[in-house]
Each structure stands twice: as C-alpha cells, then as structure tokens.
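Let me begin by presenting the structure, written as structure tokens, before commenting on it.
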Amino acid sequence: MPEVVNGGAAGAAGASGAGASGASSDVNNNASSEQLGALSYVFLNSKGGMDGVDMQSVQQVVAAMSAGSRHEANERRKATEHAERTRQLLQRKSTWERDKVAVAKSRREVDAAVTRLEEQRRLSSVFCHVDQDQYYAACEEQERPELSGKAFAVGGIGMISTANYVARKYGVRSAMPGFIALKLCPHLIFVRPDFSKYTAKAQEVRGVLRTFDANLQVRGLDEASLDVTAYVKGRRDRDVLEAVAEKIRHDVAAATGGLTCSVGIAPTRELAKIASDRNKPNGQCIVEDFTREAVLSFIRPLETRKITGIGKVTDASLKALGITTVEDLYNARYLLHGILTPTASSFLLRTSLGIGAEDVSADRGGAEDDQQEHNRKSCSVERTFEPIGDRHTLSRKLIDIAFTLSRHLHDLGLRGHQLTLKIKLSNFEIRSRQVTLPHATDSSDDLIPAALKLLKAELPLSARLLGLKVSQWENENDTQVASRDILARFLQKGDEEDEEGGLRKVEEIVPSTTPTPAAAVAAKMAPPTTVRSEPWACIACTLENEASAKRCEACGALKGSSLPPTSTLALEKKRRAPTLLDGFASRLKKRSG
DNA sequence: ATACATACC
DNA sequence: GACTGGTATGTAT
C-alpha cells in the first residue's frame, strides 16, 4: 500500500530533543559522521503510553549502550548515505524551483489531480480500526497475573517485541534491544514470546470482529480494519458511532477474558487507524463528522510520521524539505510532484487530502476486490546467530533454514519458482541473491543445493544472519492447485517420513550408524576399499560432489558422513549500493532530455 | 529479472 | 557483550 519517498536521514539535527526549530529548508548538513551525533532509532519515537517519558535521557542511554558497537557503526554508515541523498534531494529542489516551465507544468498537473481526487472522495463509508493494547504483553499477563503492575517485556536480551505500559514509562519500547531496555529499567522482567498463544487469542478477537464485518482485513496479530457501513446501516451520527466503538471494545474484552483494544472510526481505513491511536490504551476516537472539512481539520495538524507508510527515513527527507505536518505536505504538493516519483507524490497528495486508497479504485483493478483470503506472495525463514566466517558452519545453518522453509511451504501447500538468499554480514550490511529455479518447488532437495550455490558464490564472508525466501508460486491463477496439492501429499504421506523432521539439526539427520538410502546405494556401487571415480551426493546437504573430493565442497561433511567444520578467514567484500535518489536523478534526466 | 531499501507489526 | 522475524512493495538497473 504505502510508498517510499526515499531520501536522507539527514534530519541529524532533530535527533532527540527539541524538534527542528525554524527548520526552514536550510539544512546544510555536510554530515560528517561526528556531526551526525545522535542517531535516530525507531524506538526513540515516542509512542502510546510514553507521555511522561524523558526522551532526552532515554536517548542518552541508548547512545551510551550502542557506543562503539558494530551496529552503531552501521547506523552511522547509513546516516551518511541518507545525508548524501538528502543533499541531492535539496539540490533537485532548487533546480526545480528555478525551472519556471517545470513549475507551471507541475501546477497544472497537480491541480488536475486534486480535482480528480476530490471527485473520488467518498464520505459515505464507515471504517473502524481495532488495535489491541500492548498485545503480547496483555496475553502474557492474563496467564501470569503475578506480572500485573510490574514492568515486563515480551522478548529477550537481544530484542523486545512488546513492552507493557509499566515498562514504557521507563522508555522501554518494542523493537528495542533488551540489554538497552534493561539499562533503562533495571528490574525489567523478560517474558519469552509464545506465538501460538497470541495466534489463538487473535482468532478469538477476529471471531468477535467478524460479527461487525465478515470481510475484515487483518494486519498482524493485533490489528484489524473493518468496514462497518452495513453494520450501522449507513448511519453516521456521532452517538451511533460512539456506541459501535464501545460495543466492539466491550465484546472483545468479554470474549477474551479482558483483553483491551483501542478503536478508531473514520471515513477511510487510513484515518480510522490514526484515530485508533489517539486515545490508547482502551480508548476510542471517532473522527468528528463525515464531511470533507472535518476530515481535513483532523489530518492537517498531524505530523507526517503519523501517516502509515511514512517511516523514519521518509520523514527525515520530508523534514529536510521543511515538511513537518500534513498541512505542509499539501502546501508542498507542486514541489513534491516535481521532484519525486509519480507513485510517491500521488501517495502523498492523496494522503494530504485525507482520501482513502479504496476511493481511488483505479489502483486495485476493481474487479477482484474482496478476496476472502489474503494472498501471500512469499514465504521466508531467517535466523540470526553469532558472527560466523567458517563456510562449513554457514552451510549447515543454511541447510537448517532450508529444511524449516521447506516444511513451512509444505504446510501451506505452496511451491515457488524463486529462491532468495539473504545475508546480513557481521557489520550489519545486508546482501541478497536470487535464482529462478527450474521448476516450482517446496522440497529441501531442491532448495538446499540452490541455496548452497548462492552462498558459495559470496564466500568468503562473515555473517550474523542467513535467510531464505521462496516466491513466485506455481499456477498463480489457479486457486484449486493448493488444495489439490495438499491432497496429493496426503496420499503420498508414506514417502514423506524423511521430511517430517525438517526442523532437526543436520547432525541429527545424518546418524552415523544408519546410512541413508543414498549412502547405502553408494556403498554398494563403490566399496570403500576401491577408489572409484564416481561423483557422490553429500549425505548431509545432498550436493553432488566431484569423484575426487573427499569432503563435500559445500558443507564440508566427509564423504559418507558429516564432519566438524574447520575455520576460514572472514573477508567481507565491499560493494557499492545504488541509491534510490541516484535514480531520481536519472529519471529527471530522461524527462528533460 | 535481480538487488537493495523502506515500512509495518 | 548484546540490535529480531515475516511479508509487502517501491525503485533502479
């Protein structure tokens, strides 16, 4: 749904304390890394339940805890890139401003677009956004009443998923590393996440919400967007809508044994979501009344960061252009149209008018509108670990991931044509490599060799994360396929015993006593005493190896068994990433040329 | 078609 | 000391 404005973090200045003062577009940051000073982390954005928090001192703790780390170094690297892109953005701004022809053209086009958008504005629908409060934490507290009133966080020392409201008073937030949270709140209790619990509760909640809109749209485990137009029979009186919001909150709490949620009601899904955040927790907000004027006065003063789709980076770019609020966004519409991509500028224009994506039916190709199930487009598994440079160890990790992914695909009844390897280097740089497979698959027999090949091409390196993603489903247009495949697999169940342990470690998959069928066959064909020049398939990772190889080239397992890894020096290749703003420049070139 | 960046929960 | 995991999408080449 959302777009990307892209551009620089630059905002550097703003960091923590007092916002960008006069902020008038003179942002002359030569962003040397020392000048960047305080880095901007997502979890430093004050959010619900953090009203009285001294963000200044939270910021200091975060900075102190991060100082000197590889992660911080990476953040600085990114900040420098952002600063450069912002510089280019401002450059293009001034070029555009001096080009009177371009400015005039922009005016014509945007004015026409605004007219068109206003024609499409619909104020007759009633949307309701439901957002569970501190969801994971609420689920946990329900089962462990002794946590009540105490500061706790769902997650671990590495990363926090959800902080309860008590912990938030200390500045602890989701997406914050646990060790930093612990510094902010020394008595913080960590609770291990239990997703099956949250999923089960989410189903209960959805059951309730479906009585208000059978076609609700879910967003993660703790959010849903409802079209309650039919439920309210088209009425939009304030008291009717307040009553609906109250009923939803009441019904959800009743059905879940007390889980609370916050509700927002508005003429678009986007506005309803923003409204739901206003009186959190356990509150509700109905946008004044369903008129153009009410909508505009609701959004105009909002900070751009409140808009779903405008994240940290985009927000910083907008700030560099002197844009802080939605009103600023509207006032800058000609400029934005002139210097951003059409997708980005039209998203921002629509947003600044408070017009919903659903009103602009052209986007979605109206016909296949309300598909019952959300169509998943990819399935992925990724794991973080202590930095590893040894290629055999990396291969084993990757094989484990492939088995897990295979099992997930299998459970979903999906087979894909595309395999993507994701690598996070030990310095936090992210790399991805993709192949198109000869046929759609969900099998580890296909995934493992392909994944290992992708990895091998990148070696040597030292990584802290590996991930695999499968996408591009077979028979995308055939909805029958999935269920047919599930049936097929059910019928072949006997063949799948080997696969069943997809989660087991490689070492467990290769018991040294019992040779796999492949190894047994290999043994018959080539007795150990004879050195036969036959290629062999590695038992551990299935890769075909040269006859002369004594060990698997990919995973290092000894021919006929698995083997402990040997170490390899970690070298990280240096690559130049093209930036989005480079692209803007070339697009402009095309235009004028 | 592939690689990278941004965003959301 | 320590900074996630899963999915979608936009942009460039």
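Keep in mind that this is a model prediction, so the values were computed, not measured. Lettering of chains follows the sequences in order, A, B, ..., and the numbering in each one begins at 1.
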Original post:
Quick one: which of A:R269, A:Q217, A:K273 gives a side chain to side chain donor-acceptor pair (under 3.5 Å) with A:S225?
Top reply: A:R269
**OP:** Would you mind telling me which residue lines up with the more 5' stretch of DNA chain C, A:M65 or A:S378, judged by nearest nucleotide?
**Re:** A:M65
Subject >> For atom CZ of A:R305 and atom C1' of B:dT6, their distance in whole Å >> reply: 11 Å
Subject >> Rounded distance (Å) that lies between atom P of C:dC3 and atom NZ of A:K78 >> reply: 14 Å
**OP:** Ignoring hydrogens and angles, state whether a donor on the side chain of A:S406 or A:D442 is under 3.5 Å from an acceptor on the partner side chain.
**Re:** no
Subject >> Integer-rounded Å distance: C:dG6 C1' and A:F195 CZ >> reply: 10 Å
Subject >> Nearest-nucleotide pick for A:E223, side chain only, options being C:dT4, B:dA3, B:dC9 >> reply: B:dC9
**OP:** Whole angstrom is fine here: how far is it from CG in A:L465 over to P in C:dG5?
**Re:** 6 Å
**OP:** Could you list the residues that satisfy side-chain contact (heavy atoms from CB on, under 4.5 Å) with A:S378, not counting sequence neighbours?
**Re:** A:K469, A:S471
Subject >> Proximity to the side chain of A:R433 - top-ranked nucleotide from B:dA5, C:dC3, B:dC4 >> reply: B:dC4
**OP:** Compare the minimum distances between each of C:dT4, B:dA7, B:dC4 and the side chain of A:F428, then state the nucleotide with the smallest one.
**Re:** C:dT4
Original post:
Phosphate oxygens OP1/OP2 of B:dT6: is one of them under 4.0 Å from a side-chain N or O of A:T314?
Top reply: no
Subject >> Residue-phosphate contact under 4.0 Å: A:T343 side-chain N/O, C:dT11 OP1/OP2 >> reply: yes
**OP:** Identify whether any heavy atom of A:K183 sits under 4.0 Å from a base atom; if not, whether one sits that close to sugar-phosphate; answer base, sugar-phosphate or nothing.
**Re:** nothing
Subject >> Side-chain N or O of A:S380 closer than 4.0 Å to phosphate OP1/OP2 of C:dG6 >> reply: no
Original post:
Closer than 4.0 Å, any side-chain N/O of A:R85 to the OP1 or OP2 of B:dT6?
Top reply: yes
Original post:
Across the strands shown, which category fits A:K424 at heavy-atom distances under 4.0 angstrom: base, sugar-phosphate, nothing?
Top reply: sugar-phosphate
**OP:** Name every residue in residues 170-178 of chain A that has at least one heavy atom under 4.0 Å from any atom of DNA chain C, in order of residue number, or write none if there are no such residues.
**Re:** A:A175, A:P177
Subject >> Under-4.0 Å side-chain N/O to phosphate OP1/OP2 contact, A:K273 with B:dC9 >> reply: yes
**OP:** For A:R249, enumerate each residue passing the side-chain hydrogen bond (donor to acceptor under 3.5 Å, both in side chains) test, keeping only those at least two apart in sequence or located in another chain.
**Re:** A:N282, A:Q284
Original post:
Does A:S161 make a side-chain N or O approach to OP1 or OP2 of C:dG5 shorter than 4.0 Å?
Top reply: no
Original post:
Contact class for A:N74 (heavy atom, under 4.0 Å): base, sugar-phosphate, or nothing?
Top reply: nothing
Original post:
Phosphate oxygens OP1/OP2 of C:dC3: is one of them under 4.0 Å from a side-chain N or O of A:R464?
Top reply: yes
Original post:
So which nucleotide from C:dC3, C:dT7, B:dT2 ends up closest to the side chain of A:T436?
Top reply: B:dT2
**OP:** Please determine if A:R350 forms a cation-pi arrangement with A:F347, meaning its NZ or CZ atom is less than 6.0 Å from the six-membered ring centre and no more than 45° off the ring axis.
**Re:** no
Let me have the donor-acceptor pairs involving side chains of residues 185-197 of chain A, under 3.5 Å, with sequence neighbours excluded, atom names and distances please.
unit_1 : atom_1 : unit_2 : atom_2 : d
A:H187 : NE2    : A:Y170 : OH     : 3.2
A:D194 : OD1    : A:S196 : N      : 3.3
A:D194 : OD1    : A:S196 : OG     : 2.7
A:D194 : OD1    : A:K197 : N      : 3.4
A:K197 : NZ     : A:E140 : OE1    : 2.9
A:K197 : NZ     : A:E140 : OE2    : 3.3
A:K197 : NZ     : A:E143 : OE1    : 3.1

Subject >> Residues A:K319 and A:D315 bridged, charged N to O under 4.0 Å >> reply: yes
Original post:
Looking for any heavy atom pair under 4.0 Å, which part of the strands does A:I307 touch: base, sugar-phosphate only, or nothing?
Top reply: sugar-phosphate
**OP:** Whole angstrom is fine here: how far is it from CD in A:E382 over to P in C:dC3?
**Re:** 14 Å
Original post:
In whole Å, what separates the C1' atom of C:dT4 from that of B:dA7?
Top reply: 15 Å
Subject >> side-chain hydrogen bond (donor to acceptor under 3.5 Å, both in side chains) between A:T304 and A:D328, intermediate numbers included >> reply: CA-CA 9 Å; A:T304 49; A:D328 297 336; over 6 Å; no
**OP:** May I ask you to evaluate whether A:R383 reaches the phosphate of C:dG6, defined as a side-chain N or O under 4.0 Å from OP1 or OP2?
**Re:** yes
**OP:** Starting at atom NZ of A:K377, determine the distance to atom P of C:dT9, rounded to an integer number of angstrom.
**Re:** 4 Å
Subject >> Length of the line joining A:E72:CD and C:dA2:C1', which is rounded to integer Å >> reply: 14 Å
Original post:
5'-most contact on DNA chain B: A:I430 or A:Q418, nearest heavy atom basis?
Top reply: A:Q418
Original post:
Which residues satisfy the side-chain hydrogen bond (donor to acceptor under 3.5 Å, both in side chains) test with A:T420, sequence neighbours excluded?
Top reply: A:Q434
Original post:
Which nucleotide in the list B:dA7, B:dT2, B:dC8 gets nearest to the side chain of A:R219?
Top reply: B:dC8
**OP:** Calculate the interatomic distance between A:F43 atom CZ and B:dA7 atom C1'; express it in whole Å.
**Re:** 17 Å
Original post:
What pairs with A:D227 under salt bridge (charged side-chain N to carboxylate O under 4.0 Å, His left out), at least two apart in sequence or on another chain?
Top reply: none
**OP:** Answer yes or no: side-chain N or O of A:S66 and base N or O of C:dC3 forming a donor-acceptor pair under 3.5 Å.
**Re:** yes
Subject >> Among C:dA2, B:dA3, C:dC3, the nucleotide that comes nearest once only the side chain of A:M159 is considered >> reply: C:dC3
Original post:
Which of these nucleotides, C:dC3, B:dC4, B:dA7, is closest to any side-chain atom of A:R431?
Top reply: B:dC4
Original post:
Considering only side-chain heavy atoms of A:T308, which listed nucleotide, B:dC4, B:dC8, C:dC3, is closest?
Top reply: B:dC8
Original post:
Between B:dT6 and A:H82, is there an OP1 or OP2 to side-chain N/O distance shorter than 4.0 Å?
Top reply: yes
